[in-house]
Amino acid sequence: MARPIEYISSIDDSKDLWKVAVRCKHLWSVTSSQNREHLELILFDSKLDLIQAIVPSYLVSKFKTQVELEVGCSYIMQNFKVSSNDFSFKSTDHKFKLIFCGSTSVKKVQLSDIPLNHLKLIGINAIIEGKYRKNLLYDIIGGVTEISQAQIIPDNNKSKIVFSLTDLSKHHVQCTLWGKLVVQLNEYYTTHKADGSIVLLLMNARIKEPQGNYPLNVSNAWNGTKLLINDLSIEEVKNLKEKLKDDLPTLSSSSMKMETTNTSVFSDLDKFVWKAEVLSLSDIAYLQTETTCVTVATLEKFECGQSGWYYDGCSECTKSVTLKDGKFMCYSKHISSEPVPRFKLEVLASDGKLKYKFVFWDVDCVKLIGKSALQMKLDLMETGDFDPLEFPYELDVMLKKELAIRAVFQPNKASLSVIEFKADEVLRTKIKERFKCEEHTSKIVVSTDDTRDNMHTASCTPTISTSEKQSHADPQTVSDPLSITADYDPSVANSALTPSKRSIPETVEELDSAQLSSTKIIRDIKLEK
């Protein structure tokens, strides 16, 4: 006997074997600072109750290809992990969220009893009166009355536009859009001037309370917000556009003018250090939690690890592959006919006082070497000199270079994983000026071994005062996976930045939460004589 269909309102964490009939209201992709993608979607049923669902990274490929999820389509879904709806900014007010797992079943069916659209609308008057939850995202409809600021920067996420929205209450609220939504609005403006006025529907928008000099504001929650412009297929948009036709400026009005710029108000240094701790290697030695940091060091020598200078990678992503049932398959279950060699080099780097190990990955290695791992391997095979464990002499071009390095420190690793580097001398100098007076090497207890060349190793737990513990043990940035948030994390898009303009906590949601240890990690630090 098949399980009966249950309603979203009944879902709790008492079981995993839920079976629901739903329609997909909204679907978006989120890429973390570790370049891992997961999907988030909002589902509703015939009772118009909403719940958020997550497709973890390892299932993304399946639900993009084998069982394609689409906005507007209806499905019978069953078998989920049920978890608390603990997002900082919630797309629904349901107490729980659904997490897809390997046994989740999704079947596309026609369900006429579920409406094609369902909006969670809040009026502008209610926003002004404060009748909203600070941590809940809403659907907002309004007509654009005046654009007060616009900066359109093509091909990146730094674009910004500020304008006023109104509805039938005739009250106004400020709206700020960032990134791709600005480009979308600008493209509509330039190609639909015959449409006259603009009425917007922002789905999954964030309401920011007034703070200091910043007024009450409606903003997009980045990938989690959907923008619909003059979509007359939505009855609420059609009605508002008709009733406000005499109150909204036309697209040809001077107040609707947007300016396009190809420059950013932020320097290369600002972008490179955005949401990272600027630390010397001495400071990095004191870190206790996972931290994105920026430092300057000279690449000294390659470290011989557990493998050679490359790994066999997937042809569709950067993960490694293994041979399974005669096929090369990565962790994301992509199948490759042949593995793709990708660089992974462990390099010991020095800042003149300490040495630390950095792991450089394929993209950055190609930039430094000027040749791909595949081409290097093919060249060696042609000459008959190929040995997978022998480090080619061509790799040495990486060494003796001083670089500004953006990397992730992980307390359970004995190395820093490189995200990006810069070779610019001026930028390196500016970074060094930020930490030149904050050396802590004198506080490290060192036990020397004269048999080592040019260095000795300190197996240590640094002695730190109470004030120093407070300054070192609470890093500002943890490289977490992103969920919907209005505060942009530039590490997702190669450090292109649009910083939050408010002094509010910048919180990101963690799909796979991990408890960070407060116990100091004892590790080996290589100290120069």
Side-chain angles (χ1 to χ4, degrees), residues 6-32 36-60 62-64 67 69-101 104-106 114-115 117-122 132-140 201-207 219-227 480-487 507-513:
E6 298 178 272
Y7 290 109
I8 285 176
S9 59
S10 302
I11 294 175
D12 58 29
D13 58 359
S14 63
K15 64 179 183 179
D16 291 344
L17 301 180
W18 293 99
K19 185 177 182 180
V20 293
V22 294
R23 192 176 299 280
C24 181
K25 174 187 176 181
H26 190 20
L27 170 69
W28 66 98
S29 171
V30 178
T31 303
S32 74
R36 292 183 298 179
E37 180 190 20
H38 71 268
L39 304 179
E40 302 192 17
L41 56 159
I42 302 174
L43 307 171
F44 67 95
D45 62 12
S46 58
K47 287 189 173 182
L48 303 184
D49 290 311
L50 297 151
I51 193 166
Q52 186 166 351
I54 309 294
V55 179
S57 300
Y58 73 97
L59 292 174
V60 168
K62 174 182 177 180
F63 287 99
K64 277 188 173 181
V67 186
L69 296 169
E70 297 180 76
V71 173
C73 291
S74 53
Y75 303 89
I76 300 293
M77 299 182 177
Q78 58 184 325
N79 303 339
F80 313 90
K81 295 293 183 183
V82 180
S83 178
S84 174
N85 183 8
D86 55 1
F87 288 124
S88 293
F89 302 102
K90 307 176 191 301
S91 296
T92 78
D93 57 5
H94 202 290
K95 291 183 179 180
F96 298 95
K97 63 187 175 189
L98 303 176
I99 301 177
F100 283 39
C101 56
T104 298
S105 171
V106 176
I114 304 179
N117 297 305
H118 171 50
L119 298 177
K120 183 180 58 182
L121 288 171
I122 183 172
Y132 59 88
R133 281 175 51 184
K134 301 174 187 178
N135 64 343
L136 192 61
L137 303 176
Y138 292 90
D139 299 332
I140 301 169
L201 168 59
L202 279 171
M203 296 174 63
N204 236 27
R206 179 183 172 188
I207 302 171
S219 179
N220 58 309
W222 293 101
N223 290 1
T225 299
K226 184 177 182 180
L227 172 64
D480 293 328
L482 295 176
S483 182
I484 46 175
T485 171
D487 299 320
T507 307
V508 295
E509 293 300 328
E510 193 169 24
L511 178 61
D512 300 315
S513 298

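Remember, predicted model here, so these are calculated numbers, not experimental data.
- Across all non-hydrogen atoms, the minimal contact from Asn204 to Ser91 is ND2-OG, 3.0 Å.
- Side chain of His118 to backbone of Leu43: no donor-acceptor contact under 3.5 angstrom is found.
- Rounding to the nearest 0.5 Å places CG of Asp45 at 6.5 Å from OG of Ser9.
- Expressed to the nearest 0.5 Å, how far CD1 of Ile42 lies from CG of Leu27 amounts to 10.0 Å.
- With rounding to the nearest 0.5 angstrom, the CD1 atom of Ile54 is 12.0 Å from the CG atom of Leu59.
- The two residues Tyr75 and Val106 come nearest to each other via the heavy atoms CD2-CG1, 3.6 Å.
- A salt bridge does not link Arg23 to Glu70: none of the charged nitrogens lies less than 4.0 Å from a carboxylate oxygen.
- For the pair Val55/His38, no side-chain contact is recorded, criterion being any heavy-atom separation below 4.5 Å from C-beta on.
- At most 12 non-hydrogen atoms from other residues, nucleotides or ligands lie less than 6.0 angstrom from NZ of Lys81.
- Contact annotation: the side chain of Trp28 never approaches that of Leu39 to less than 4.5 Å [non-hydrogen atoms, C-beta and beyond].
- When all heavy atoms are compared, the tightest approach of Lys120 to Leu137 is NZ-O, 2.7 Å.
- The two residues Leu98 and Val82 have their closest heavy-atom pair at CD2-CG2, 4.1 Å.
- Remark: side-chain polar atoms of Tyr58 are not paired, donor with acceptor, to backbone N or O of Cys101 under 3.5 angstrom.
- A 4.5 Å side-chain heavy-atom check between Thr31 and Arg36 finds every atom pair outside the cut-off.
- Side chains of Glu37 and Lys64 form a contact here, defined as non-hydrogen atoms less than 4.5 Å apart.
- Lys226 and Asp139 are not joined by a salt bridge, as no carboxylate oxygen comes within less than 4.0 angstrom of a charged side-chain nitrogen.
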Stepwise side chain to side chain donor-acceptor pair (under 3.5 Å) check, Asn79 with Ser105: CA-CA 7 Å; Asn79 303 339; Ser105 171; over 6 Å; no
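- Annotation: side chain of Val22 is not in contact with side chain of Ser74 (no heavy-atom distance under 4.5 Å).
- The shortest heavy-atom contact between Phe80 and Trp18 is CE1-O, 3.7 Å.
- Counting heavy atoms from C-beta on, the side chains of Phe89 and Lys134 never come closer than 4.5 Å.
- Cation-pi check for Lys25 over Phe44 is not met; the charged atom does not lie both under 6.0 angstrom from the ring centroid and within 45 degrees of its normal.
- Here Lys97 pairs with Asp86 in a salt bridge; the nearest charged N to carboxylate O distance falls below 4.0 Å.
- Distance check, rounded to the nearest 0.5 Å: CG of Leu201 to CD1 of Ile140 gives 9.5 Å.
- The backbone N or O of Ala221 sits less than 3.5 Å from a side-chain atom of Thr225, completing a donor-acceptor pair.
- In this structure, CD in Glu6 is found 8.0 Å from CD1 in Ile11, a value given to the nearest 0.5 Å.
- Within the 3.5 Å criterion, the main-chain N or O of His94 finds a donor-acceptor partner in the side chain of Asn85.
- Atoms CG and CG, on Leu202 and Asn220 in that order, are 7.5 Å from each other to the nearest 0.5 Å.
- Contact check for Tyr138 versus Arg133: side-chain heavy atoms found under the 4.5 Å cut-off.
- The nearest pair of heavy atoms linking Pro115 to Leu48 is CG-CD2, 3.7 Å.
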